[in-house]
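Starting from 1, each residue takes its place in the sequence as its number.
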Amino acid sequence: MPAPHRVVIVAFPGVELLDITGPAEVFSVASRVADDGHPGYTVQIATADGGAVTTSSGVRLLADLRLDEVTGRVDTLLVSGAVTRPEGGGARAVVDPVVTDWLRTAVPRAGRTGSVCAGAHLLAAAGLLDGRSATTHWLTAAQLTAAHPEISVDPDAIFIRSGSLWTCAGVTTGMDMALAMVAEDHGHALALATARMMVMYVKRSGGQSQFSVLLSVQEPTCDRLGELRQWITEHPEADLSAEALAQRVSLSTRHFSRLFAQRTGTTPAAYVESARLETARRLLEESDTGLPQIAVTSGLGSLQTLHRAFQRHLGTTPAEYRRRFR
């Protein structure tokens, strides 16, 4: 029997508990519901000194090994996150320098790496997300954009895969990402069986905005932008240029672009492309529509543009994506 798929989850003081236990439980359940003979997953928790860490909820977690003891094959490396709320300031992602330094050498050796919630800030600080698309919790997306303009931050995505690097949004989306990893490793059927056992959706609909809009203080202008973002999702084939979008909310193009970036952490053009890419992904997963028609329906326009978008954001081709996730 092949060796179990090894998952190592990095933790540090103040980490969000569910960042660790959520994905760990997904991999554990996948191992338990798989057919006989399935190699399954093994999960280990690594900390700087190999000792216990106190999570944000006060629960203490015991580590399996020190960071410098993480040697040999690591199939999946997960980086958990932490958020602080300084007095008089907004939420800020924690960047642990010891973990960041270790990631620079550990990530290239791992089969794939994923960050959970604000863990994306550690990958970014290590320079590992430069030139890539990424996401994080909507509360800290603007912080990530401001600190690392070389990263294309999508504040609305549930999770994003860019080659061997995965990033996801709020704490529970680490479970969504883990399910997608199970599907990549062993097929959609096992991911579906795991989701059923855990009473989860195998694929969550919508993005972070459906949660963040309800949880943040909204200005009237931001409400208009929220409605506009929903309209973009529903009309990907429309004229979604900055000029056309600005006209829909009765703003000048310059003011609209500045306000949109301020409120979402990304540019109108980047947001439109991500919305169109999501439409294309859904059509590939749920229909037999040909690639040229998907390019038109999603608003990406041409087959060449469709291919470029998939390569840039997902590190694969539309045909290969359909083969894996249809």
Side-chain angles (χ1 to χ4, degrees), residues 132-135 138 152-163 166-169 173 176-177 179-180 183-184 187-188 191-192 195 201-213 224-249 253 256-257 260-261 264-326:
R132 296 178 182 267
S133 296
T135 192
W138 60 269
S152 177
V153 179
D154 182 351
D156 197 46
I158 297 299
F159 66 85
I160 290 176
R161 177 186 177 183
S162 180
W166 302 55
T167 53
C168 70
T173 60
D176 295 89
M177 184 175 71
L179 273 177
E184 180 181 63
H188 182 77
L192 181 59
Y201 288 109
V202 72
K203 184 167 77 76
R204 190 192 307 227
S205 63
Q208 290 193 71
S209 60
Q210 62 184 303
F211 309 107
S212 60
V213 168
R224 282 190 288 165
L225 290 187
E227 293 173 2
L228 179 66
R229 291 167 70 182
Q230 182 63 35
W231 187 86
I232 290 171
T233 301
E234 296 170 352
H235 301 85
E237 78 291 347
D239 178 5
L240 302 182
S241 63
E243 293 78 10
L245 294 175
Q247 187 174 6
R248 289 194 66 85
V249 290
T253 302
F256 164 73
S257 298
F260 192 95
T264 68
T266 189
T267 65
Y271 184 85
V272 166
E273 183 176 47
S274 68
R276 286 171 166 167
L277 181 64
E278 181 60 28
T279 299
R281 289 171 62 175
R282 188 174 65 252
L283 289 170
L284 288 169
E285 293 170 4
E286 301 174 0
S287 77
D288 295 317
T289 306
L291 296 186
Q293 184 58 47
I294 286 178
V296 173
T297 303
S298 67
L300 290 170
S302 69
L303 194 56
Q304 292 77 11
T305 304
L306 179 70
H307 273 269
R308 283 198 299 270
F310 268 73
Q311 286 289 358
R312 181 167 60 252
H313 294 284
L314 303 176
T316 189
T317 65
E320 177 64 16
Y321 184 90
R322 169 172 271 170
R323 187 186 70 79
R324 290 183 178 179
F325 296 106
R326 177 72 170 91

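Counted by atom type alone, Gln247 and Glu243 present zero donor-acceptor pairs between their side chains at under 3.5 Å.
A search for side-chain contact (heavy atoms from CB on, under 4.5 Å) contacts involving Ala261 returns nothing, not counting sequence neighbours. Applying the salt bridge (Lys or Arg N to Asp or Glu O under 4.0 Å) criterion to Glu320, with sequence neighbours excluded, gives Arg323, Arg324. The side-chain contact (heavy atoms from CB on, under 4.5 Å) test applied to Ala246 returns Thr253, Phe256, not counting sequence neighbours. For Thr289, the side-chain hydrogen bond (donor to acceptor under 3.5 Å, both in side chains) partners two or more places apart in sequence, or in a different chain, are Ser287.
Distance alone, capped at 3.5 Å, places no donor-acceptor pair between the Arg276 side chain and the Leu300 backbone. The closest donor-acceptor contact from the side chain of Asp239 to the backbone of Ser241 lies under 3.5 Å. Formation of a donor-acceptor pair under 3.5 Å by the Thr173 side chain with backbone atoms of Asp176 is not found in this model.
Across all non-hydrogen atoms, the minimal contact from Ala183 to Ala191 is CB-CB, 3.8 Å. Counting all heavy atoms, side chain and backbone alike, Thr135 lies closest to Ala169 at CG2-N, 4.0 Å. In terms of heavy atoms, Ser133 sits closest to Ser162 at O-CB, 3.9 Å. Nearest heavy-atom pair across Leu303 and Ala295 is N-CB, 4.0 Å. Taking every heavy atom of both residues into account, Val296 and Glu237 meet most closely at O-CB, 4.0 Å. Nearest heavy atoms, Ser274 versus Tyr271: OG-O, 2.7 Å.
In this structure, CE on Met177 lies 8.0 Å from OG1 on Thr167, to the nearest 0.5 angstrom. A distance of 8.0 Å separates CG in Leu283 from CD in Glu286, rounded to the nearest 0.5 Å. In this structure, CG in Asp154 is found 4.5 Å from CD1 in Ile160, a value given to the nearest 0.5 Å. Distance OG1/Thr297 to CZ/Arg282: 10.5 Å, rounded to 0.5 Å. Summarising the geometry, atom OG belonging to Ser298 is positioned 8.0 Å from atom CG belonging to Leu277; distances are rounded to the nearest 0.5 Å.
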Report the C-alpha separation of Ile294 and Arg322 in whole Å, then their side-chain angles, then the decisive distance to 0.1 Å, and conclude whether the side-chain contact (heavy atoms from CB on, under 4.5 Å) test is met.
-> CA-CA 12 Å; Ile294 286 178; Arg322 169 172 271 170; 3.6 Å; yes
Could you go step by step and tell me if Arg161 and Glu184 meet the salt bridge (charged side-chain N to carboxylate O under 4.0 Å, His left out) rule?
-> CA-CA 12 Å; Arg161 177 186 177 183; Glu184 180 181 63; 2.4 Å; yes
How far apart are the C-alpha atoms of Glu278 and Arg281, what are their side-chain angles, what is the distance that settles it, and do they pass the side-chain contact (heavy atoms from CB on, under 4.5 Å) test?
-> CA-CA 5 Å; Glu278 181 60 28; Arg281 289 171 62 175; 3.8 Å; yes
Verdict with supporting geometry, Thr266 and Phe260, side-chain contact (heavy atoms from CB on, under 4.5 Å) = CA-CA 7 Å; Thr266 189; Phe260 192 95; 4.2 Å; yes
Please report the C-alpha distance between Thr279 and Thr233 in whole Å, then the side-chain angles of each, then the deciding distance to 0.1 Å, and finally whether the side-chain contact (heavy atoms from CB on, under 4.5 Å) criterion is met.
-> CA-CA 8 Å; Thr279 299; Thr233 301; 5.8 Å; no
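Residues Trp231 and Val249 have side chains not in contact (no heavy-atom distance under 4.5 Å, counting atoms from C-beta outward).
Evaluation of the ring-ring contact (aromatic ring centres under 6.0 Å, His included) test over residues 280-321, restricted to residues two or more places apart or in two chains, returns Phe310-Tyr321, Tyr321-Phe325. Among residues at least two apart or in separate chains, salt bridge (Lys or Arg N to Asp or Glu O under 4.0 Å) pairs with a member in residues 290-318 are Glu273-Arg312.
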